[in-house]
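What follows is one structure encoded as structure tokens, with my remarks underneath.
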Protein chains: 2
Amino acid sequence: MQRMTRQRTAVADALSTVEDFRSAQQLHELLRDQGHGIGLATVYRTLQALAEAGVVDVLRTADGESVYRRCERREHHHHLVCRTCGATVEIDGPAVESWADRIAASHGFTDITHTVELFGTCAACAAASGQDDVATGG
Amino acid sequence: MQRMTRQRTAVADALSTVEDFRSAQQLHELLRDQGHGIGLATVYRTLQALAEAGVVDVLRTADGESVYRRCERREHHHHLVCRTCGATVEIDGPAVESWADRIAASHGFTDITHTVELFGTCAACAAASGQDDVATGG
DNA sequence: GCGAAGTTGACAATCATTTTCACCCCCACT
DNA sequence: AGTGGGGGTGAAAATGATTGTCAACTTCGC
Ligand SMILES: [Zn+2]
Ligand SMILES: [Zn+2]
Ligand SMILES: [Zn+2]
Ligand SMILES: [Zn+2]
């Protein structure tokens, strides 16, 4: 039986107030800063449970760290993530879904799942970086 | 300057004889079995170098382990990987490439990269699993 | 309020990968 | 063929995210 505890509420709340993908450690630090006494292991366990329940999305950063985000949609979707600031856009790709299934089936594969994530530099970060270049140059 | 050493040759050779994605540790064990004395750290370093040179492809398994494969094509492509036996098919997705760029651009993102990998059960493994079911059932 | 059962958290353990660093050996040059 | 210097090697230690441990602690149905 799942019980509602102070810690679980805190993690859920923290996820609601954050827009971007965050690691367990970042969330732990955030919660500590907010004055919640909470153990790191508990943050990990809670995030894992939320991920299994499909309440939060998980993805691995380039350096292998797991990051979590409470997305608007509960249904299957993908993400466009800013490599610099973590800004995230939820994206749909019906064409990709059917393409994946079709390709896999044509090779005799079944029970298909897919990973599709886009990474880039958001407009804000590109502008900031452009500023830096100018500043550096002059 | 890159030097050609016994160890680097051995790793390259091992990759050529293997069809599927393999982890650094698996390759290290394979090399040891073949009688090559080679350190694990060297295997890691060599695979990393090969990956940076674009000679081998890398992807992360569900549990976060990096696996490497010498693919036929040097150009950009994706993979369809059997979750059970690791059998791999190189796949092309021109539609996906343009879709990714279009979506990202429409959100003001630049400098786009994408991760697209398909996982499933290959025909052979599906058949084997079906056999198991029959065997278990009778 | 009680108590069984789920939860917590400090700390140890895991485990892939990286770093260290003293020794090794490849190779351009002679 | 010999040599030197600088890249390469590997055993062992370090790293760092994540997981396991387990005694103490809450939660919640009664
Ligand atoms: Zn950004
Ligand atoms: Zn999809
Ligand atoms: Zn298979
Ligand atoms: Zn692509």
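Quantities reported herein were computed from a predicted structural model and do not represent experimental measurements. Chain identifiers are assigned alphabetically (A, B, ...) following the order of the sequence lines, protein sequences preceding nucleic acid strands; residue numbering begins at 1 within each chain.
Between A:S66 and D:dT18 there is a side-chain N or O to OP1 or OP2 distance below 4.0 Å. Taking 4.0 angstrom as the limit, B:T42 places a side-chain polar atom (N or O) nearer than this to OP1 or OP2 of D:dG10. Note on A:Q48: every side-chain N or O is 4.0 Å or more away from OP1 and OP2 of D:dT18. Between A:Q2 and C:dT7 there is a side-chain N or O to OP1 or OP2 distance below 4.0 Å.
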Taking only distance into account, with no hydrogens and no angle test, what donor-acceptor pairs under 3.5 Å do side-chain atoms of residues 36-54 of chain B form with protein atoms, sequence neighbours excluded?
| from | atom 1 | to | atom 2 | distance (Å) |
| --- | --- | --- | --- | --- |
| B:Y44 | OH | B:Q25 | NE2 | 3.2 |
| B:T46 | OG1 | B:T42 | O | 2.7 |

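Rounded to whole angstrom, the span from the NE2 atom of A:H28 across to the P atom of D:dG16 amounts to 17 Å. Look at CG on B:L47: it is 13 Å from P on D:dG10, rounded to the nearest Å. Atom P of nucleotide D:dT19 and atom CD of A:Q25 are separated by 11 Å, given to the nearest angstrom. Rounded to whole angstrom, the span from the CZ atom of B:R22 across to the P atom of C:dA16 amounts to 16 Å.
Of the possible polar contacts, one joining the A:R83 side chain to the B:D111 backbone as a donor-acceptor pair under 3.5 Å is found. A donor-acceptor distance shorter than 3.5 angstrom exists from the side chain of B:T61 to the backbone of B:E65, with no hydrogens or angles considered. With B:E117 contributing its side chain and A:T115 its backbone, the two residues share no donor-acceptor pair below 3.5 Å.
Each of D:dG10, C:dA10, C:dC25 was ranked by its minimum atom distance to the side chain of B:R3; first place goes to C:dC25. Closest approach to the B:M4 side chain among C:dG9, D:dT9, C:dC27 is made by C:dC27 (side chain taken as heavy atoms from C-beta onward). Of the candidates C:dT7, D:dG8, C:dG9, the closest approach to any side-chain atom of A:T5 belongs to C:dT7. Here the side chain of A:R6 is nearest to one of C:dG9, D:dG8, C:dT17, namely C:dG9. Nearest nucleotide to the side chain of B:R45, out of C:dT19, D:dT18, D:dG8: C:dT19. Side-chain atoms of A:Y44 lie closest to D:dT19 of the nucleotides D:dG7, D:dT26, D:dT19.
In the helix from C:dG1-D:dC30 to C:dT30-D:dA1, the terminal helix axes, each the rotation mapping four pairs' C1' atoms onto the next four within five end pairs, subtend 30°, rounded to 10°.
Nearer the 5' end of DNA chain C, as judged by each residue's closest nucleotide, is the contact made by A:R32, out of A:R32 and B:V67.
A salt bridge links B:E90 with B:R69: the closest approach of a Lys/Arg side-chain nitrogen to an acidic carboxylate oxygen falls below 4.0 angstrom.
A:D57 pairs in a side-chain hydrogen bond (donor to acceptor under 3.5 Å, both in side chains) with only one of the listed residues (A:H77, A:H78, A:R70), which is A:H77.
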Practice item. Before giving the answer on side chain to side chain contact (heavy atoms under 4.5 Å, CB included), spell out for A:Y68 and A:V18 the whole-Å C-alpha distance, their side-chain angles and the decisive distance to 0.1 Å. Key: CA-CA 10 Å; A:Y68 305 82; A:V18 168; over 6 Å; no

